[in-house]
Structures are given as C-alpha cells and as structure tokens.
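Okay, so here's the structure we're looking at.
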Number of protein chains: 2
Amino acid sequence: MNKPVRKSRSGARRSVTIKDVARYAGVSPMTVSRVVNGGQYVSDATRQTVMQAVRQLGYSPNLAARNLASARGERMGLLYGNPSASYLSEFLVGALDAATRHGVQLVLEKCEMTPAASRRAVRRLVAGGVVGVVLPPPLCESAVIRAELQAARMRIVAVAAGRPPADAMCVSIDDFAAAREMTQYLLALGHTRLGFIKGHPNQTASEERWRGFAAAIEEHGQLPQPRVEQGFFTFRSGLDAARKLLAVEPLPTAIFASNDDMAAAVMAEAHRRGLEVPNDLAVVGFDDSLIAANIWPGLTTIHQPIAQMAGEAVDMLVAAVRGGRRGAAAEPVHRQVAHEMITRESAARPRSAA
Amino acid sequence: MNKPVRKSRSGARRSVTIKDVARYAGVSPMTVSRVVNGGQYVSDATRQTVMQAVRQLGYSPNLAARNLASARGERMGLLYGNPSASYLSEFLVGALDAATRHGVQLVLEKCEMTPAASRRAVRRLVAGGVVGVVLPPPLCESAVIRAELQAARMRIVAVAAGRPPADAMCVSIDDFAAAREMTQYLLALGHTRLGFIKGHPNQTASEERWRGFAAAIEEHGQLPQPRVEQGFFTFRSGLDAARKLLAVEPLPTAIFASNDDMAAAVMAEAHRRGLEVPNDLAVVGFDDSLIAANIWPGLTTIHQPIAQMAGEAVDMLVAAVRGGRRGAAAEPVHRQVAHEMITRESAARPRSAA
DNA sequence: CCTCGTTTTGGTATCGCTACCATGTCTCCC
DNA sequence: GGGAGACATGGTAGCGATACCAAAACGAGG
C-alpha cells in the first residue's frame, strides 16, 4: 500500500534544487527561497548558512519553475525593421543581457514599415504571448506601429527616438545637444564654410540633429550660410548629397552628415574627386556605427551607448509590466543617457587656418 | 469542510490555459497537449476540434510550465569574442530565433582570447546553468576554449570554422570551394595578374580560402605567379597589405582579399593612389558583411547565410542535449550549408581585355 | 504574568504543463 | 473466439519554485 517508488523522470543527473540546499543547510525550502531572493525577515545567521550551502552545492535556481510559480516569465518582443542600422548587433547584446537578468524571454520579430506588415508582425507577437515591446529606430518613429501595439495592450519602449513620443516610454540620447556639440567642435577647429546632410525626414532624430547644428551656427554668428542637403540615412543618399555639396564653389571645408553611413559616402565621393580627408575636407558623422572605425581615415562621430540603451529599455519594460500588474500607475517614463564624442582622424583644422 | 475557495494569485486576468482549451473542446488536457505538440495517436476529428478551440481562445502554451514539466528549458550559451565580426548582429538574430523556437534560453557571454579570460567566461557559463555553447568565429578556432568547455562537459557547436574541429559539432560553408569559385570568376573576367591577401593565420578558414584561390590558379595554368600578402582580417592589416601589393610594378589587375574589411581597405588605398575601382583594379572580398554594400563601389563577395548557420547551430545543440539525455550517441555532426557569390560593382574586366 | 506586535521559520497548495501508466476500443489473425 | 497489437483517450503525479497563511520565538508594556 506504499506509494510506488518514483524514479527520476529523466535518467540524467538532476541538477541541484532548492530542496537539496534546504536539506544541506538544515532549513526549509522557503527560507532558502527568501535568502536567494533577498527577502527580509531572515536572520543573519541563517542567511550565512544558506548562502554557504548555495555556494557549496553550486545551486542556481530553475528559471522555468520560478517563472511558473511567480507567474512571471513574460515574453518581451523586439520589433526590428531596417537592419541597415548596424545598431542591431549591439542592440541585441544589450537587450538579451537584460532579458536574461530578469528571466524574461526575448522574442524577435522583423517588420517592414508598411501598415500591413506591421499589423502582421503585431499579430505574431500577440500570438507569441508577448506583453511588451522594445522598438529600436527607425520603427520607434512609426505612429502606425505604436498605435497597432497599443491596440493590443502592449507596453512599449521606444529607443533613440529624437523626440520622445507622448504615448510610449522612451530611452534616448540628447540628439540636439550632441549635434550642437559636434558642430561647435568643427567651428572651434576653425571651419567656417560648413555643409550639412540631413537625415530621413520622417525620423524625429533627424530634426533634432539638424536643430542642434543650426543652433551652434546661430550661437557662433558671423558665418556664411551653411549649405544643406537632404539625405535619408543611406549610403546612396549620402553620395547624392555629397555630389551636390561638392559641385558648387566655394566648397565647404567641413561636412557634418547626420549619420555614419552618409559620412562614409561623403568620404568616398571626396576621394573620388581627389580631395584629401581631413585636410581638404573635414567629415564627421553620427552614431559611431561599425563602419566609422573601419574606413580610412577613421570617422569622428557621436557614440551612442546602444547596448546600454537597449538594456535599459528592457529594464523599463519589465518594471512597467510587473509594476502594472500590481496596479502601479504606468505613466510613460523618458530616460536620457549620455552620449560621447569620438574623435578620430576625419576632422582637422582647415587648410586656410593651418 | 470544503476546500477554501482559491482566489487567483495575481489579480490580473489569467491567460488561457490548457485546461480552458480542454473544457472548451470537451476533451482532456492530455489530448490538447498531444495536439499542440503534434503527437501521434490523436484522431483527425479530435485534432480539428482542439485546434479550433485553440484558435477561438487564442491559447498559447506557457513556456515556463512546459519547460518545467518536460525538464527541458536548458540554457544555451553563446560565447562571442571579437565583435569586429559584423557577423554578430545577424548571428544573434538567427541564434535567438532558433532558441525561441525550441524554448531554450540563450545566454550571452563575451570573452577575450586569452586563456585566463576564457577560463573566466566558461566559469560564468557554468554558473549560469548553461549546458551547450555556440562558438562563432573566431572563438571556434581556439583549442584552449574548446578544451575548457569540454572540461565543463558542455556540448559545443563551432560555426564557420574553416576545417571542422575533431572534438566538436560544426556548421560551416565550404570556404575552399567558395574561394575557388570567386577566383574562377576573376579569371573568367580575363584577369591574369592577381593579388591575394590572406586571413589571420590562426584561423583555419584563412587557409581554406587560400587553398581555394591557389587551386583555381593551378587549374587555370599559364598564369604569372600571383602576389600574396599576409593579412589579419582587420581593416588596418588590409591597408598594409594593399600598400605592399600596389607598390610594385606591374600592378595586379585584381585583388582578392580574404574578407570584406580588408577588401574595403584595398579599395580605400586604391582610391588614394588614383586607381579607379573596378576599371583599374578589381577588388573582391569574402563574408558579405555590412560594409560590403555600404561602400562605393559595392563589393563583390561571398555571402554566408549567417543567421541560418547560427540557427542550425542552436538546433544541433538542442538535439544533442535532448538526444544525449535519452542516451543517443552524441557523435560529432558536421553540417555544411550553401554559400552564394554576390556580384556587385567592384569587379569588372581588366582594361587590357576591354 | 499575560497580551500584543514584530521578527523568523515552516507547511501547504498551487503555477501550467507533460511523463507515465491505465483504460478502452477496434482490427487482425491464428 | 480470444489474445495480440495498434490506436485513442483519460487519470494521476509530479517538475522546482513561490504565495499565502499559520505557527513559533522573542521582546516590550501594562
């Protein structure tokens, strides 16, 4: 009449469980749980004993079980669009790291920027049980996608939007200040005839960068009107813009492109015309993408801590979802992180000032 | 004496569980489980009914519970080193996608290529409960790291190693064939004076590519000795190699660099010397990394399906771990996937043959 | 000394799912 | 006809952890 002996379901060596630790430490599983999760109401003595046991046995909590019991283990989505952003790599590293830390799963979904495609992507996310979504650029600018996600009652964190959207959480750098700083740097080097290549018009970051540039020019005063061309953040568009900027005399002595890909295009075009960078023409970019260090001369640019931003986005998402479940108000949070100007070889004093 | 009414632990609306589906479909939870997991021994009629119910209720299985119950949910590690590999982004996408499909967690760990650093990284992985590791290049070449991991009884899949290591599973392309194909392409264009830049000497892929190049030259016969320089897969090393190749007359009419970064360096140096690519000098690379399409002219190169390879690596890992638990022999598997030559603008017929 | 409140610990009932076994039902073949 | 086998379904008992409650230990105040 005794219970049948239960043989371990999987033949393999089981891993250390909370019970093993409890037995080893001579306390109950609950106490171990409290210690491991940093709960209060544990005496220092027990805490020491338990931690000792944990270390001895090499215990690491089973995420699945923990998630199941605590009804946690939400899935977070990462909706990415144009992978031209060499963002993606670093972004993923940061996001995945944070996800692992919180014990949530990260679900990737690719999405074109058409309404139909975004609707499909959102449906897939919903089907995947996702409760919150990180939106890296350029998707974070799409009101359509945000609306679509909001309709599915998802939390959203937009990353690196130029201006924080009113309807979502957001983590970004200060594009305005960064562009202003970079422009001031060029002016300090002695450049006076500047060229600027704008970013894609439907991304708010483009406008912030442009405003930062304009502000620095304004503050400096006494300068000829800068020459401005429209770009679209692609290499090709940068090439077109560079051709226009370098076709009319007097040539600018420095060109500020709104991202690195376009700056690389400017350098390519300059070389083609026999202009030497940085001496004949200074070129600076924005983003510090992979290409920046992998061309010659290296590109002076603005570095964004992408991995950190992605990580914080996931943090915010987790906090919002867990907080929200406990009824805390989910007011949109906007977090700004520090950027950094990276000085490489592509900008120097102009010939005239040498 | 009746059981206390259990109030749902989290105030929030519970999600649909397998029981809900079972009740709705009028079958037992077990049957639902079998349908959802594609098990056998379910009649078509019941299967239809259940799938209908699943769709109606928008049921999505709880991963945590599933993993817990089936003692699955292993964690897989992804040990990455030199992020110069613009591989990483695509690699992560592929790996994460596969991980999500299998319901395993992916743990990222960065690691320098020194013995001390790798030991530390492995220890962190072990502590994280990781049971298998994907090794993208260049870490997959490090015998030290492989030994270290093996000592911790982890399964390993090396990705894109030139020659499959004897002690690990492996997924890669045929570097030899790809390089041979590319060289044949150059020869078919009419080039006769070729230059070659080798990759990092401690990566087996370098040698395979070099052998492929040499084989094509050999097969063609009747050619002047190609000029060869040593590179290290970095932009900078490519620049040095290019300087040497372009310093001695007669100049080569085509240069094959063992990766894209070095090819980009060749193009930069060529431009600096007033050589026009592709008409004065054809340049081809290998990898189809981001930079290949983002320089001008676009780089003709070999495309590796990185995401796919990463995905297959995770698949293999999961299969090995789960199979291994059931006692299946874990013989090392080597899988080769197809590469593709991408023709862009950086290679054309030589002037002399025009 | 007893009550009250706070700190510390343990017991029990799940979380949602699947492994394993038991039970039927139906066909096949000696 | 009846035993063997394939097929189809249901019941039960956990996986490893936490939530919730109860109980024990302790100190303070009346």
Side-chain angles (χ1 to χ4, degrees), chain A residues 2-12 14-23 25-50 54 57 59-74 103 129 322 325-326, chain B residues 2-12 14-23 25-50 54 57 59-74 103 129 322 325-326:
Chain A
N2 55 357
K3 272 187 183 165
V5 173
R6 173 154 195 84
K7 56 179 177 231
S8 167
R9 284 225 284 237
S10 72
R14 271 184 340 100
S15 56
V16 184
T17 76
I18 202 171
K19 278 188 194 167
D20 301 325
V21 178
R23 204 165 330 133
V27 297
S28 80
M30 266 320 300
T31 306
V32 176
S33 172
R34 272 190 284 258
V35 169
V36 171
N37 296 293
Q40 348 167 323
Y41 296 141
V42 184
S43 70
D44 271 356
T46 352
R47 187 184 302 276
Q48 294 301 332
T49 320
V50 171
V54 166
L57 271 50
Y59 166 72
S60 124
N62 179 321
L63 249 183
R66 171 182 281 184
N67 285 340
L68 181 56
S70 56
R72 259 204 227 118
E74 308 86 356
R322 299 201 175 148
R325 236 192 5 223
R326 291 206 200 81
Chain B
N2 54 359
K3 272 186 181 164
V5 174
R6 172 152 193 85
K7 54 179 179 231
S8 168
R9 285 225 283 236
S10 71
R14 270 185 341 99
S15 57
V16 185
T17 77
I18 202 171
K19 277 189 194 165
D20 300 325
V21 178
R23 203 165 333 134
V27 297
S28 80
M30 266 319 300
T31 305
V32 176
S33 172
R34 271 190 284 258
V35 170
V36 171
N37 295 295
Q40 348 169 319
Y41 296 144
V42 184
S43 71
D44 270 357
T46 356
R47 187 184 300 276
Q48 292 303 331
T49 319
V50 171
V54 166
L57 270 49
Y59 167 71
S60 126
N62 179 322
L63 250 183
R66 171 182 284 182
N67 286 340
L68 182 55
S70 55
R72 261 204 226 116
E74 307 87 355
R322 300 202 175 148
R325 239 197 359 228
R326 291 206 200 82

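Numbered from 1 within each chain, the chains take letters A, B, ... in sequence-line order. Worth knowing before you read on, the calculation uses all heavy atoms, side chains too, and leaves out hydrogens, waters and symmetry mates.
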Judged by nearest nucleotide, the residue sitting upstream toward the 5' end of DNA chain C, Ala65(B) or Met30(B), is Ala65(B)
Is the shortest side-chain heavy-atom distance between Thr49(A) and Val27(A) below 4.5 Å? no
Measuring from the side chain of Thr31(A) (C-beta onward, heavy atoms only), which nucleotide among dG16(D), dT18(D), dT9(C) has the closest atom? dT9(C)
Nearest-nucleotide pick for Arg34(A), side chain only, options being dC17(C), dA17(D), dT9(C): dT9(C)
Respond yes when some side-chain nitrogen or oxygen of Ser28(B) is under 4.0 Å from OP1 or OP2 of dG10(D), and no when none is. yes
Ignoring hydrogens, what is the shortest heavy-atom contact between Ala22(A) and Val32(A)? Give both atom names and the distance. CA-CG2, 3.7 Å
Starting at CZ of Arg47(B) and ending at C1' of dT9(D), how long is that distance when rounded to a whole Å? 13 Å
What distance do Leu68(B) atom CG and Asn62(A) atom CG have between them, rounded to the nearest 0.5 Å? 6.0 Å
Quick one, Asn37(A) and Arg66(A) - any side-chain contact, counting heavy atoms below 4.5 Å? yes
Please list, chain by chain and in numerical order, all residues satisfying salt bridge (charged side-chain N to carboxylate O under 4.0 Å, His left out) with Arg23(A), sequence neighbours excluded. Asp20(A)
Among dC17(C), dT18(C), dC15(C), which nucleotide has an atom closest to any side-chain atom of Ala69(A)? dC15(C)
Expressed in angstrom and rounded to an integer, what is the separation of Ile18(A) atom CD1 from dG11(C) atom C1'? 14 Å
So among Ser28(B), Pro61(B), Pro29(B), which one has a side chain to side chain contact (heavy atoms under 4.5 Å, CB included) with Ile18(B)? Pro29(B)
Rounded to whole angstroms, how far apart are CZ on Arg66(A) and C1' on dA19(D)? 14 Å
Show the distances under 3.5 angstrom between N or O atoms of the protein and N or O atoms of nucleotides 4-8 of chain C.
residue : atom : partner  : partner atom : Å
dT7(C)  : OP2  : Tyr41(A) : OH           : 3.3

Please classify the nucleic acid contact of Pro29(A) as base, sugar-phosphate, or nothing, using heavy-atom distances under 4.0 Å. nothing
To the nearest angstrom, the NZ-P distance between Lys19(A) and dG11(C) comes to 12 Å
